[in-house]
Amino acid sequence: MATTELTAQTLGSTITDNDIVLVDFWAEWCGPCKRFGPIFEQSSEVNPGVVHAKVDTEAEQELAAELQITSIPTLMAFREGILVFRQPGALPAPALAQVVEAVKGLDMDEVRAKIAEQAAQS
């Protein structure tokens, strides 16, 4: 499965309509982004059940600001509509594979319980 380009209009529905979504925030002028791009594309081929999406931070500046993207590339992972991973910097292929496996292995009932617990404390 190839990567999907996301915009402010499509980000929300993509996250809610799919079980696992990885989002790469990038820009054309960014050297590390260009090096990470093929690694991200390869991951999309190896993990067809995981949506691999990209947001061009130059074209989607308001979205990047809203999501507090201050460094690119930044990778976000969503599972069942919940942000479960966020990290700036280009990942090597083995590290990206570990992120994908970790997100697949999450017990989402446990994640939701922790979110509820944190919300109750604030």
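In this view, Thr10 and Leu6, Thr7, Thr14 satisfy the side-chain contact (heavy atoms from CB on, under 4.5 Å) rule, not counting sequence neighbours. Looking at residues two or more places apart in sequence or on another chain, you find no side-chain contact (heavy atoms from CB on, under 4.5 Å) involving Gln118. Not counting sequence neighbours, the partners of Ala77 by the side-chain contact (heavy atoms from CB on, under 4.5 Å) test are Leu22, Val84, Phe85, Val103.
Identified under the salt bridge (Lys or Arg N to Asp or Glu O under 4.0 Å) test for residues 56-78, with sequence neighbours left out: none. Screening residues 74-97 for side chain to side chain donor-acceptor pair (under 3.5 Å) gives Asp19-Arg79, Glu80-Arg112 as the qualifying pairs, with residues at least two apart or on separate chains. Judged as a salt bridge (Lys or Arg N to Asp or Glu O under 4.0 Å), the pairs with a partner in residues 92-102 (not counting sequence neighbours) are, in order, Glu101-Lys104.
For the pair Val55 and Asp24, the minimum side-chain heavy-atom distance is 4.5 Å or more. Taking the side chain as every heavy atom from C-beta outward, Pro73 and Cys30 approach each other to under 4.5 Å. For the pair Val21/Val50, no side-chain contact is recorded, criterion being any heavy-atom separation below 4.5 Å from C-beta on. Within the 4.5 Å cutoff, side-chain heavy atoms of Trp29 are placed close to those of Ile72. Side-chain atoms of Phe25 and Leu67, non-hydrogen and from C-beta on, do get closer than 4.5 Å to each other.
Closest approach of Ser43 to Val100, counting heavy atoms only: OG-CG2, 4.0 Å.
To the nearest 0.5 Å, atoms CD (Glu41) and OG1 (Thr3) are separated by 4.0 Å. The structure places CD of Glu110 at 11.5 Å from CD1 of Ile115, a figure rounded to the nearest 0.5 Å.
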Carefully, step by step, assess Thr57 and Trp26 under the rule side-chain contact (heavy atoms from CB on, under 4.5 Å).
CA-CA 6 Å; Thr57 58; Trp26 69 285; over 6 Å; no
Kindly indicate, with the supporting measurements, whether the criterion side-chain contact (heavy atoms from CB on, under 4.5 Å) is fulfilled by Ile20 and Val51.
CA-CA 6 Å; Ile20 299 174; Val51 174; over 6 Å; no
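Considering Leu75, Val46, Asn47 as possible partners of Leu96, the one that fulfils the side-chain contact (heavy atoms from CB on, under 4.5 Å) test is Leu75.
Using a 3.5 Å distance cut-off with no hydrogens or angles, the side chains of Thr4 and His52 do not pair a donor with an acceptor.
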